[in-house]
Structure formats: C-alpha cells, structure tokens
Protein chains: 2
Amino acid sequence: MPEQSVRVKLVDVAHAAGVSKATVSKVLNGRQDLSVRPETRRRVHEAAEALGYRPHSGARALAGANTHALALLIPALANPTYVTIARGAYQRARELGYLSLLAEDFDGQEADESFHDLVQEGRVDGLLIASARPGHPLLDALSRSAVPHVFLNRSVEGSGRNVTMDVARSSVTALDHLYDLGHRRVGHIAGPPGITPSEVRKRAFLEHADELGLDAAPVASGDFTEDGGGSAARELLRPADGDGRPPVTALYTSSLAQAIGAMAAIRDLGLRIPEDVSVVGNDDLPVAAHLNPPLTTVAMPLHELGTAAVDALVATIEGRQTGDVVVPTEPQLVLRGSTARPAEPGATP
Amino acid sequence: MPEQSVRVKLVDVAHAAGVSKATVSKVLNGRQDLSVRPETRRRVHEAAEALGYRPHSGARALAGANTHALALLIPALANPTYVTIARGAYQRARELGYLSLLAEDFDGQEADESFHDLVQEGRVDGLLIASARPGHPLLDALSRSAVPHVFLNRSVEGSGRNVTMDVARSSVTALDHLYDLGHRRVGHIAGPPGITPSEVRKRAFLEHADELGLDAAPVASGDFTEDGGGSAARELLRPADGDGRPPVTALYTSSLAQAIGAMAAIRDLGLRIPEDVSVVGNDDLPVAAHLNPPLTTVAMPLHELGTAAVDALVATIEGRQTGDVVVPTEPQLVLRGSTARPAEPGATP
DNA sequence: AAGTTTCAGTCAACCGGTTTCCTCAGACGG
DNA sequence: CCGTCTGAGGAAACCGGTTGACTGAAACTT
C-alpha cells in the first residue's frame with residue numbers, strides 16, 4: 001500500500017536515517033561546509049528515496065534558499081515562434097534542476113501583474129523576458145529590484161543581459177537567395193517598430209540591399225500576425241505609377257504568420273506564387289512545409305535560444321556573470337516552393 | 001524615491017496601521033470570524049496599499065493557507081488549440097485571484113515530474129489536466145493524493161471532474177454541411193485512439209453518417225499534427241478497386257493541423273480543393289482564414305472551455321462541489337472556400 | 001450593581017525547511 | 001597524561017505568514 005497523501009517531511013527522513021534535520025538538509029543540498037561519513041550520506045539518500053521525500057518549496061523559499069523556479073514571459077502564446085523558444089527553455093531548465101513557468105505578457109498589460117505575482121510573492125528565482133519593449137513597465141521595476149533576469153530575442157540596449165540570435169544574418173541569407181534567383185526588387189515586411197530584432201532585421205535588409213545594388217527595397221511594418229502580414233503585403237504590392245505591375249517581385253517577412261497572411265493577400269490580388277511574387281518567411285515551423293505552395297523560410301535557432309537563455313539566467317542566479325550572448329548557430333535557408341526566378345528575366349534595366 | 005528592494009512584510013503593514021499582524025492578515029484575507037471597526041479596516045488597507053505589500057506566497061502556503069496558484073497541464077504547447085484553451089484559463093484564473101502556471105506534458109513523460117514539482121512541492125492548489133489518457137501515470141498519483149483537479153477536453157470516465165465541449169455536435173454540424181452540399185461519401189480523420197474527444201467525435205460521425213444514409217463513411221486515425229492528417233488523408237483517398245476515383249469526396253478532420261496536412265496531401269495526389277475533395281477542419285483559429293483555399297471549419301468554444309475549467313477547479317478548491325460540466329456554447333460552422341458541391345452530381349448510385 | 005455578552009482586536013504556536021553556532025568523542029601533540 | 005584540534009553531527013533560531021484561543025473594555029441584562 002502506497003503512503004497516504006500525508007506529506008513526507010524533512011524530519012521524517014531524518015528519523016528514518018537516524019540523524020537530525022540539519023544533517024539531512026545539508027546532505028540533500030550537497031553542501032560542502034559539513035563533513036559527513038559516506039555511510040551516513042548514503043543512509044540519508046536512501047531514506048529520502050524510500051520515502052519519496054519532496055521538499056516543500058514554500059518552506060524552502062521562506063528559509064532563504066531559492067525556489068528553483070524560473071518564469072518565462074512571452075508576448076504571445078499564440079505565436080508558435082515563442083512557443084518553440086519556450087520548449088527549449090523548459091527542457092534546459094529541467095536539466096539544470098529548475099522548474100520553469102510560463103506567463104503571457106500582453107504587451108505590458110500583464111507584465112506588471114505577473115511581476116508581482118511571480119517575483120514579489122517569491123515564487124521564482126529569476127525571469128526570462130522575451131517581451132521587452134522600450135518603455136515597458138517591467139523595465140523600471142526590474143532595475144529597482146535586483147531580481148536576476150535576462151532578455152531574450154527582444155534585447156535591451158546596454159543591459160548586458162541580452163540573449164539573441166544572429167538576426168541580421170537571416171536578412172542577408174534571405175536576400176542572397178532571392179538575389180541569386182534574379183530578383184532585383186524585393187520588399188521586406190518588418191515587425192512593429194521599436195522591437196529590437198525587428199529593427200535589426202530591417203536595418204540588415206536595407207544595408208544588404210544596398211550592397212547588392214537592388215533596384216528597390218521597400219519596407220512596410222505590421223504585427224507578427226497573419227493580418228499584419230496581409231496588410232503590409234498589400235501596401236508593398238500596390239502599383240506605384242500608371243504601370244499596373246507590382247513594384248516588387250519578392251517579399252521577405254519577419255514571421256511565419258506574416259508570410260501566411262502575405263501569401264493570402266498576394267492571391268487576393270490575383271497574383272501567383274512564386275511566378276509573380278516569391279515569398280521567404282522567417283522561422284521554420286512544421287506548418288511551413290504544408291502550405292500551398294510550401295514556404296521557403298529562414299530557419300532560426302529558436303530552441304537553442306531558449307536553452308541559451310536559461311543557461312545565462314541560471315549563471316546569473318548562481319552569481320556567475322555573463323555578458324550579452326549570441327546563439328552561435330547560423331540561420332539556415334530552407335528551400336521550398338514559394339520562391340523561384342522572377343517572371344521577367346532582365347529585371348535590371 | 002521608491003522603496004528599495006527590501007520585502008515589505010506583514011509586520012510592516014501592521015506597524016504602519018497601528019494594529020497587530022493577526023489583524024492585518026485577517027482583514028486582508030477578508031475573514032468573517034473577526035470583527036473590526038470599518039475605520040481600522042480602512043487603515044489596514046491603506047497601509048498595505050501605501051507600502052505596496054505583497055504576501056510571500058511561500059510563507060502563506062506554509063502556514064496552511066492556499067497558494068492561489070493553479071497549474072494547467074497540456075499535451076502540446078505547439079498545438080494552438082490548447083494554447084487557446086490556456087488563454088481562456090489564464091484570464092479567468094486572474095479574475096478569480098489565482099495565478100495560473102502552464103506546463104507541457106509530453107504524453108506522460110513529463111507529467112509525473114510536473115506533478116511532483118508543482119503539487120508535492122506545494123506550489124499550486126489545484127490542477128487543470130488537459131492531457132489525460134487511459135493508463136496515464138498521473139491518474140494514479142491523483143487518485144491517491146486528494147489534490148483538487150479537473151480534466152478538460154480529454155475526459156476521464158466516471159471521475160465526475162470532466163469539463164468538456166459538445167464534441168459530438170461538431171461531427172453532426174460538419175456532416176450536415178457536407179450532406180447539404182450533396183456529398184454522400186465522406187471520410188473522417190480521427191485523432192489517436194483512446195483519447196476521449198477523439199472517440200466521441202468518431203462515434204458521432206459514424207452514427208450520423210448512418211442516420212443520413214451515406215454511401216461511405218470511412219475513418220482513419222492520425223496524430224493531431226500536419227503529418228498525422230497527411231497520412232490519414234492519403235489512406236482515405238487511396239482508390240479502392242480498379243476504379244481510379246478516390247473513394248470519398250470530402251474529408252472532416254479532428255484538428256486544424258490535420259486539415260492543413262490533409263490539404264497538402266490532397267494536392268500532392270493531384271486533386272483539387274474543393275472541386276475534387278472538400279475539407280472541413282475542427283477548431284477555428286486565425287490561420288484557417290488565410291490558407292489556400294481558406295478552410296471551412298467547425299469553431300469550438302475553446303476559450304470558454306478554459307474559463308469553465310477554471311471555474312470548476314476553483315469551486316472544487318473552495319469546497320463547493322461540481323459534477324461533470326459541458327460548455328453550453330454550440331460548435332459553429334464557419335463557411336470558407338474549402339467546401340463545395342461534389343463534382344459528380346448524382347453520386348449516389 | 002453585578003454578571004453576562006458582544007466587540008475589537010491580540011498572543012503565540014505553528015507550518016517545513018535552512019543556517020549558524022555548538023557539542024562531543026576520539027586523535028594527536030608534547 | 002593532559003590539552004588541543006579535528007571530524008561528525010545536533011540544537012535552536014529564524015524566514016513570513018495564518019489561526020484558534022484568549023483578553024480587556026464597553027454595552028446590555030435582570
């Protein structure tokens with residue numbers, strides 16, 4: 001018969017092992033400042049195991065130790081990009097003995113609440129923040145509070161706590177691909193203004209377009225959603241002058257959802273993909289392969305971003321310092337059916 | 001100058017209000033078993049407010065009160081259906097003064113760990129379980145542990161703790177639509193066997209197909225993913241005899257991802273949507289409207305499922321009993337371009 | 001006028017760990 | 001042979017709330 005639902009306490013383990021609470025606590029936490037005979041150590045571990053002992057996190061936190069829990073604040077649960085990052089974070093956290101909690105931060109509305117609930121009420125040891133924005137209410141609270149934290153994906157200039165990917169490189173990769181196919185007029189659908197990776201991606205796009213000597217490289221902003229991508233695409237494809245032709249032959253988007261929305265908009269305009277307009281998306285998630293046509297994407301190391309962020313946060317919690325971190329894995333082009341040579345071969349005048 | 005990062009404690013509030021710790025605790029928790037003058041009550045609230053007091057959740061949990069936190073266990077973060085449910089749950093939890101935590105349960109692997117981390121370590125007051133399956137390791141632990149919990153979406157027969165939607169109705173709605181268009185041979189892509197809503201949906205599909213007198217109503221199972229939908233679709237569309245025609249003119253899937261995978265498979269087979277095969281998906285999420293063609297779906301009340309589940313769980317935690325709950329909102333057909341009349345008008349021989 | 005209620009709040013134990021001194025026994029040094 | 005040192009572990013305070021028993025004063029009874 002399994003033990004009832006009565007909590008197994010430290011003192012129970014102590015009793016079973018024939019030692020005191022203090023000894024059990026120190027042994028189980030692997031503290032060096034105590035000398036114990038190997039045999040005692042073994043007895044303690046065995047007793048804990050046999051009884052299925054689990055320390056009460058509240059008691060632990062109260063006594064000044066840490067909670068072994070982290071929280072991850074992401075801007076939108078509905079965005080599979082962040083979910084992928086979160087999975088990486090979860091996994092690594094567990095490997096390091098931390099429990100990680102997920103909270104959605106609807107662009108600052110919830111952040112303050114979550115901060116109180118999680119940090120001020122002592123539920124977590126640190127924060128992974130993927131929802132940073134200039135003027136975000138959380139930034140203020142954080143700077144005052146000495147709570148360990150790192151910013152991931154959306155970085156905060158000068159914080160020395162940023163964990164990011166090589167976003168600039170993803171623009172270059174996408175643009176090179178389109179250039180090699182023969183495109184000379186390429187539009188970029190950026191994310192909302194003020195969000196770091198979005199700005200970096202855009203800047204890299206414009207710079208590289210310049211290096212390649214493209215004929216046109218217009219940019220339009222939109223949310224990271226299907227609708228955001230749709231309206232930005234319509235904006236970029238609106239014929240400029242009397243000429244009925246769309247001003248660009250290819251689009252490079254900041255998110256997968258934007259790409260889906262853009263593709264829908266392109267079809268609505270009566271244009272074909274990729275014959276009339278090629279599309280390259282960002283972030284390679286399963287759905288990309290099943291779209292019509294299948295979407296060419298730049299795969300970002302999302303999972304690794306999650307693990308790297310947890311590594312950096314745990315380092316901070318444990319007192320080891322880390323500066324800004326950039327995940328080393330490079331963005332990778334995944335070729336599918338949404339890109340092809342432009343219809344008009346000699347696009348350059 | 002804002003207060004430093006030193007924690008504001010109960011005694012600080014007590015001191016500021018000129019009363020004892022006990023009084024502050026009781027006033028802030030709104031306990032009836034204490035009589036206080038309105039004026040004292042006001043002073044306490046004002047002091048707490050002014051100091052920005054936040055009770056330490058660990059201390060609270062330790063002292064026997066509850067933690068005001070719930071955990072939601074979902075089978076796959078990558079599945080937007082569950083994410084939508086989760087958002088409903090989050091929102092309602094907050095309204096009721098609870099913090100809700102999200103944990104992914106990779107089909108039982110993680111459940112046991114999560115259970116220990118969250119429940120045994122005293123971090124939460126109750127569990128919302130969306131990942132139940134027959135033989136799931138969690139079920140055992142739960143039945144022994146007296147932890148308040150409810151099962152949502154995936155129900156557990158006879159538990160009296162199920163919160164579900166009218167899944168059977170969704171099959172009827174989808175089938176009626178296809179029947180009205182003239183389809184007489186309709187295939188169903190079910191979820192993995194053993195999962196309740198999947199079984200119910202399938203049974204309702206077969207029963208209603210029988211009631212309508214369909215010529216064929218084959219069923220194939222697959223994961224709730226794009227690939228699962230793709231292979232199930234190929235199975236259902238494989239010509240049976242020498243006849244080169246696919247055996248069905250329409251498909252009804254259990255998830256949105258399955259529908260996306262099925263659509264890709266249909267195209268790979270050289271068939272057109274909806275001219276050759278109509279497709280109806282389950283769960284209306286934003287991406288459905290932006291597919292090519294836009295997907296006709298049965299919209300399920302996912303958000304409400306989340307809120308209803310939290311209501312039921314909180315009721316359980318607070319000692320009020322609730323039996324099984326079915327969310328009253330009916331599944332709603334959302335008409336889009338993936339369904340049309342079948343090519344051959346007189347399909348019935 | 002004395003006893004009994006009621007009101008308004010206080011006292012102190014307790015929850016389950018962690019941590020800081022201690023202690024005690026045996027080994028070692030002189 | 002006595003004092004000191006070291007190894008192995010223990011006693012108790014403490015973390016920040018909650019809670020049931022308790023108290024002192026005022027109000028009400030009879």
Side-chain angles (χ1 to χ4, degrees), chain A residues 5-45 47-48 51-69 116-117 119-123 125, chain B residues 5-45 47-48 51-69 116-117 119-123 125:
Chain A
S5 66
V6 292
R7 165 172 289 292
V8 177
K9 294 172 295 185
L10 188 62
V11 59
D12 300 328
V13 178
H15 199 247
V19 295
S20 72
K21 285 175 30 167
T23 305
V24 176
S25 173
K26 289 171 187 167
V27 167
L28 292 183
N29 289 313
R31 297 188 52 114
Q32 338 278 190
D33 65 342
L34 173 76
S35 54
V36 270
R37 278 176 302 161
E39 196 246 328
T40 307
R41 185 184 303 277
R42 189 185 52 70
R43 278 213 322 279
V44 169
H45 278 121
L51 294 170
Y53 171 67
R54 284 273 162 170
H56 187 283
S57 75
R60 214 172 188 176
L62 194 50
N66 60 20
T67 62
H68 285 271
H116 290 317
D117 292 348
V119 177
Q120 308 246 56
E121 296 187 0
R123 294 184 203 266
D125 297 332
Chain B
S5 66
V6 292
R7 166 171 288 292
V8 177
K9 293 172 298 185
L10 191 61
V11 296
D12 300 329
V13 178
H15 198 248
V19 295
S20 72
K21 282 173 30 163
T23 305
V24 176
S25 172
K26 288 172 184 165
V27 166
L28 292 184
N29 288 313
R31 297 186 52 116
Q32 335 275 229
D33 66 341
L34 173 76
S35 55
V36 271
R37 279 176 300 161
E39 197 248 326
T40 307
R41 185 182 303 277
R42 190 184 51 70
R43 277 213 321 280
V44 170
H45 279 121
L51 295 171
Y53 171 67
R54 284 271 161 170
H56 187 283
S57 75
R60 212 172 190 176
L62 193 51
N66 58 22
T67 62
H68 285 274
H116 290 316
D117 291 348
V119 177
Q120 307 247 58
E121 296 188 359
R123 295 183 203 267
D125 297 331

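This structure is a prediction, so every number in the text was calculated from the model and none was measured. In what follows, chains are A, B, ... by sequence order, proteins preceding strands, each numbered from 1.
The two residues B:Ala16 and B:Ala47 come nearest to each other via the heavy atoms CB-CB, 4.0 Å. A:Val24 approaches A:Ala14 most closely through the heavy-atom pair CG2-CA, 3.5 Å.
With hydrogens and angles ignored, no donor-acceptor pair under 3.5 angstrom links the side chain of B:Lys26 to the base of D:dG17.
As a whole-Å value, the separation of B:Asn29 CG from D:dT19 P is 7 Å. Distance B:Arg60 CZ to D:dC15 P: 20 Å, rounded to the nearest Å. Distance B:Leu62 CG to C:dT18 P: 12 Å, rounded to the nearest Å. With rounding to whole Å, A:Leu10 atom CG is found 18 Å from C:dC14 atom P. One can place CZ of B:Arg7 at 8 Å from C1' of D:dG16, the figure rounded to the nearest angstrom. Distance B:Leu28 CG to C:dG9 P: 14 Å, rounded to the nearest Å. Distance CZ (A:Arg54) to C1' (C:dG17): 16 Å, rounded to an integer number of Å. To the nearest angstrom, P of D:dG9 lies 16 Å from CZ of A:Arg31.
Listed pair B:Arg37 / C:dG9 meets the phosphate criterion, a side-chain N or O lying under 4.0 Å from OP1 or OP2. Remark: A:Ser35 is in phosphate contact with D:dA8, judged by side-chain N or O atoms under 4.0 Å from OP1 or OP2. OP1 or OP2 of C:dG9 lies within a sub-4.0 Å distance of a side-chain N or O belonging to B:Thr40. At least one side-chain nitrogen or oxygen of B:Tyr53 sits closer than 4.0 Å to the OP1 or OP2 atom of D:dG17.
Of the possible donor and acceptor atoms, none in the side chain of A:Arg60 sits under 3.5 Å from a partner among the backbone N and O of A:Ala65. The closest donor-acceptor contact from the side chain of B:Arg7 to the backbone of A:Gln120 lies under 3.5 Å. A donor-acceptor pair under 3.5 Å is absent between the side-chain atoms of B:His15 and the main chain of B:Val11, judged by distance alone. The backbone N or O of A:Lys26 sits nowhere less than 3.5 Å from a side-chain atom of A:Arg31 that would complete a donor-acceptor pair.
Using a 4.5 Å cut-off on side-chain heavy atoms (C-beta onward), B:Thr67 and A:Arg123 make contact.
Proximity of residues 11-23 of chain B to DNA chain D (heavy atom under 4.0 angstrom from any strand atom) is restricted to B:Lys21, B:Ala22.
Between A:Gly64 and B:Arg41, the residue anchored closer to the 5' end of DNA chain C is B:Arg41, taking for each the nucleotide with the nearest heavy atom.
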